Number of protein chains: 2
Amino acid sequence: MKDKRKIPKPVIKRMGLYYRCLNKLYEEGIEYVASKDIAARLGIKSSQVRKDLSYFGEFGKRGVGYNVDQLMKKLEDIIGVNKIWNVIVIGAGNIGTAIVNYPGLKKEKFNIIGVFDADRSKVGKKLGKLSVTHFSELEKFFNKNIVDLVVLAVPENAAQMVVEELEKYNIKGIINFAPIKLRTKIPVEDVDITLSFKSLVFRIEREIK
Amino acid sequence: MKDKRKIPKPVIKRMGLYYRCLNKLYEEGIEYVASKDIAARLGIKSSQVRKDLSYFGEFGKRGVGYNVDQLMKKLEDIIGVNKIWNVIVIGAGNIGTAIVNYPGLKKEKFNIIGVFDADRSKVGKKLGKLSVTHFSELEKFFNKNIVDLVVLAVPENAAQMVVEELEKYNIKGIINFAPIKLRTKIPVEDVDITLSFKSLVFRIEREIK
DNA sequence: TAATTATTGTGAGTAAGTTCACAATTGAAT
DNA sequence: ATTCAATTGTGAACTTACTCACAATAATTA
Ligand SMILES: NC(=O)c1ccc[n+]([C@@H]2O[C@H](COP(=O)([O-])OP(=O)(O)OC[C@H]3O[C@@H](n4cnc5c(N)ncnc54)[C@H](O)[C@@H]3O)[C@@H](O)[C@H]2O)c1
Ligand SMILES: NC(=O)c1ccc[n+]([C@@H]2O[C@H](COP(=O)([O-])OP(=O)(O)OC[C@H]3O[C@@H](n4cnc5c(N)ncnc54)[C@H](O)[C@@H]3O)[C@@H](O)[C@H]2O)c1
């Protein structure tokens with residue numbers, strides 16, 4: 001590994017894929033895996049896998065491959081899922097509910113500790129072990145809890161306002177489902193579902209790939 | 001526009017963003033827009049906007065900008081949302097429900113015409129105007145309806161099996177929410193929500209961007 | 001009509017990302 | 001001990017994508 005090289009952005013997404021793949025291999029009881037096999041499972045090239053990993057160190061053994069358990073733990077450190085992240089969800093609608101109910105997140109160390117909504121009729125509603133709290137209680141909640149990440153699942157027209165409220169607190173990042181570019185200093189990751197629909201039909205219409 | 005140039009893949013995603021942006025401008029009653037303004041709203045460079053559009057034609061007027069209404073219609077044609085796409089959802093769980101209830105999809109010409117689930121206890125459940133149909137009725141449904149796209153919102157372990165069933169019919173594409181690489185000839189667009197969480201914490205840990 | 005300002009469309013230059021190809025290493029087989 | 005097969009890690013070549021910079025054009029103003 002030549003140090004200080006900066007990491008191409010697409011590598012970031014692929015690290016998450018590798019991590020999930022390694023988890024599956026681990027569950028399947030596989031002890032050693034070659035870059036070729038990881039690549040085949042993900043539909044990419046083996047040289048890509050090796051090059052990507054090489055940005056962070058030398059984890060394999062020539063002629064043998066990678067120790068699944070070991071590499072998995074390395075990836076945990078690299079990605080940052082080696083510790084628990086406390087998450088709150090704002091907006092207890094369709095998406096908010098789906099996120100709170102999804103066990104896959106807890107499995108990957110994202111621990112949802114609160115759900116907020118501005119609609120009083122939703123307050124108190126049970127979602128798994130959590131119950132919906134009114135948005136106005138947010139400050140009180142931040143005073144009592146450490147929150148790392150916020151999932152923003154409110155309508156488009158409320159999103160910017162909520163972000164401005166969030167800037168008062170010391171959160172580390174936002175997962176944003178609203179189809180809008182948020183103006184904020186906080187790191188944001190957009191999840192844009194309708195964009196995926198449009199990409200798909202574009203590809204279909206032009207017979208790309 | 002120099003023809004036959006092939007279109008960089010990132011352009012595809014941005015076309016969807018431009019389309020949504022133009023829709024907003026239209027609703028705001030704005031008649032002409034400069035690449036600079038579109039770029040500012042999306043947080044990218046104006047030269048990127050112009051270059052992207054140039055792959056498909058010359059839509060602007062020098063010194064003036066782009067006619068919002070006109071460009072919007074051009075984008076509809078380019079992306080393929082100039083006609084209605086018939087969509088069915090398989091899996092009436094959290095994500096399936098969110099998709100069916102989301103009005104934003106219909107607005108962009110994705111018309112959901114059916115929801116299927118393998119769980120008999122969910123059959124008959126109302127989601128908006130639709131009610132959940134048992135998965136075994138799929139063939140009957142395909143015989144009576146034209147289906148363009150399928151949203152796959154079933155658990156990971158069921159996803160590949162469902163895809164193999166879908167290959168019997170003549171669908172054009174799949175939006176896949178299951179965290180797994182589907183083996184199929186049908187064009188697939190993956191929506192990977194936990195990957196977004198991992199990308200976000202990676203960026204936070206390394207203070208990227 | 002000429003000057004001024006705004007803005008597009010794009011070739012050329014730069015940057016980012018992927019793939020190739022092979023020396024280095026490992027373990028197994030003979 | 002030597003050969004053989006498998007597989008990594010990586011510099012270099014290649015491919016893809018982005019940005020710059022400016023001629024061309026349009027509208028406005030003097
Ligand atoms: N449902 C989908 O499939 C889907 C797809 C793509 C994008 N989205 C986007 O995701 C976001 C959420 O979608 P949804 O379907 O869950 O919507 P939803 O209407 O079901 O839920 C939104 C929730 O946010 C709450 N809310 C509104 N203003 C608030 C505020 N200021 N503070 C706190 N809570 C507030 C509402 O009371 C509601 O419960 C929207 O921006 C939507 O555009 C949804
Ligand atoms: N909920 C989330 O926030 C979230 C986040 C990331 C990924 N996902 C993924 O999205 C997919 C759906 O998640 P969900 O939360 O909606 O799950 P869910 O369990 O709420 O819903 C899945 C539904 O699929 C149905 N189903 C199971 N096998 C089926 C089959 N063979 N045919 C038809 N229907 C079948 C189940 O009866 C259930 O109703 C999963 O693959 C999950 O990993 C969900």
Side-chain angles (χ1 to χ4, degrees), chain A residues 1-18 22 25 30-68 70-71 74-75 78 199 202-203 206 208-209, chain B residues 1-18 22 25 30-68 70-71 74-75 78 199 202-203 206 208-209:
Chain A
M1 178 191 51
K2 199 156 72 185
D3 224 294
K4 273 184 254 174
R5 264 186 305 185
K6 95 171 190 330
I7 289 132
K9 283 193 213 92
V11 174
I12 301 174
K13 288 257 150 172
R14 286 194 298 267
M15 294 313 281
L17 288 175
Y18 300 152
L22 268 283
L25 289 162
I30 293 166
E31 209 172 336
Y32 276 89
V33 66
S35 58
K36 187 160 60 64
D37 303 325
I38 298 174
R41 283 176 180 239
L42 301 176
I44 62 179
K45 298 237 156 121
S46 67
S47 57
Q48 180 87 82
V49 174
R50 295 198 302 280
K51 175 68 93 179
D52 286 352
L53 294 174
S54 81
Y55 289 108
F56 304 98
E58 301 190 11
F59 308 121
K61 214 188 260 184
R62 288 163 195 236
V64 181
Y66 302 88
N67 178 289
V68 170
Q70 242 174 324
L71 182 56
K74 288 283 182 192
L75 289 177
I78 291 165
S199 294
F202 181 103
R203 281 170 49 202
R206 309 203 157 234
I208 289 174
K209 211 190 190 172
Chain B
M1 178 188 57
K2 200 156 74 188
D3 223 294
K4 273 185 255 176
R5 266 186 302 185
K6 93 173 192 326
I7 289 133
K9 283 193 214 91
V11 174
I12 302 174
K13 287 259 150 168
R14 286 195 297 268
M15 294 313 282
L17 289 175
Y18 300 153
L22 268 284
L25 289 163
I30 292 166
E31 209 171 338
Y32 275 89
V33 67
S35 58
K36 186 161 58 67
D37 302 325
I38 297 174
R41 284 178 178 237
L42 301 175
I44 61 179
K45 298 236 157 122
S46 67
S47 57
Q48 181 86 81
V49 175
R50 294 198 302 278
K51 175 68 91 178
D52 287 352
L53 293 174
S54 81
Y55 288 108
F56 303 98
E58 302 191 10
F59 307 122
K61 215 189 257 184
R62 288 162 195 236
V64 180
Y66 302 87
N67 178 287
V68 170
Q70 241 174 321
L71 182 56
K74 286 285 181 191
L75 289 176
I78 292 165
S199 293
F202 182 103
R203 281 171 47 203
R206 309 205 156 234
I208 288 174
K209 208 186 188 181

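FYI, side chains are in, hydrogens and waters are out, and symmetry mates aren't considered; it's all heavy atoms of this structure. Everything numeric in this text was worked out from a predicted model, so none of it was measured. Throughout, a chain's letter reflects where its sequence line sits, starting with A, and its residues are numbered from 1.
- Ser46(A) comes within 4.0 angstrom of nothing in the nucleic acid, heavy atoms only.
- For the pair Leu53(B) CG and dG9(C) P, the interatomic distance rounds to 8 Å; values are reported in whole Å.
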side-chain contact (heavy atoms from CB on, under 4.5 Å) between Glu31(B) and Leu25(B): does it pass, once the steps are laid out? CA-CA 8 Å; Glu31(B) 209 171 338; Leu25(B) 289 163; over 6 Å; no

Summary of protein contacts for nucleotides 21-30 of chain D, nucleotide by nucleotide, where a base hit scores B, a sugar-phosphate-only hit scores S (4.0 Å, heavy atoms): B-BBBSS---

side-chain contact (heavy atoms from CB on, under 4.5 Å) assessment of Gln48(B) paired with Asp52(B): CA-CA 6 Å; Gln48(B) 181 86 81; Asp52(B) 287 352; 3.3 Å; yes

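- Atom-to-atom, CZ of Phe56(B) to P of dT10(C) comes out at 13 Å; the value is rounded to the nearest Å.
- Rounded to an integer number of Å, the gap from OH of Tyr66(A) to C1' of dT7(D) is 9 Å.
- Leu71(A) has its CG atom 14 Å from the C1' atom of dG9(D), to the nearest Å.
- Look at NZ on Lys9(B): it is 10 Å from C1' on dT18(C), rounded to the nearest Å.
- Toward the 5′ end of DNA chain C lies the nearest nucleotide of Asp37(B), the other residue of the pair Asp37(B) and Asp52(A) mapping further downstream.
- For the pair Phe202(A)/Ile78(B), a side-chain contact is recorded, criterion being any heavy-atom separation below 4.5 Å from C-beta on.
- The two residues Val49(B) and Tyr18(B) come nearest to each other via the heavy atoms CA-OH, 3.5 Å.
- Atom CD1 in Ile44(B) sits roughly 13 Å away from atom P in dC20(D) (whole-Å rounding).
- Taking every heavy atom of both residues into account, Phe59(B) and Leu53(B) meet most closely at CE1-O, 3.6 Å.
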Report all side-chain donor-acceptor pairs from residues 37-47 of chain B shorter than 3.5 Å, counting only partners two or more places apart or in another chain.
| unit_1 | atom_1 | unit_2 | atom_2 | d |
| --- | --- | --- | --- | --- |
| Asp37(B) | OD2 | Ala34(B) | N | 3.4 |
| Arg41(B) | NH1 | Glu28(B) | OE2 | 3.2 |
| Arg41(B) | NH2 | Glu28(B) | OE1 | 2.7 |
| Ser46(B) | OG | Arg50(B) | NH1 | 3.2 |

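- OP1 or OP2 of dT16(D) lies within a sub-4.0 Å distance of a side-chain N or O belonging to Lys6(B).
- Residue Met15(B) holds its CE atom at 11.5 Å from NZ of Lys74(B), rounded to the nearest 0.5 Å.
- The listed nucleotides are dT8(D), dT8(C), dT18(C); the one nearest the side chain of Arg14(A) is dT18(C).
- In terms of phosphate contacts, Gln48(A) brings a side-chain nitrogen or oxygen within less than 4.0 Å of OP1 or OP2 of dT19(C).
- Closest to the side chain of Lys36(A), from the set dT10(D), dT7(D), dA17(D), is dT7(D).
- In this structure, Phe56(B) and Val11(B) approach most closely via the heavy-atom pair CE1-CG1, 4.1 Å.
- When every heavy atom of Tyr32(B) is checked against every heavy atom of Val64(B), the shortest pair comes out as CD2-CG1, 3.6 Å.
- In this structure, NZ of Lys13(B) is placed 19 Å from C1' of dC18(D), rounded to the nearest angstrom.
- Taking 4.0 angstrom as the limit, Lys45(B) places a side-chain polar atom (N or O) nearer than this to OP1 or OP2 of dC20(D).
- Over its full length, the helix from dT1(C)-dA30(D) to dT30(C)-dA1(D) turns its helical axis through 0°, comparing axes from the five pairs at each end and rounding to 10°.
- As rounded to whole Å, 12 Å separates atom C1' of dG9(C) from atom OH of Tyr55(B).
- Side chains of Arg206(A) and Ile7(B) form a contact here, defined as non-hydrogen atoms less than 4.5 Å apart.
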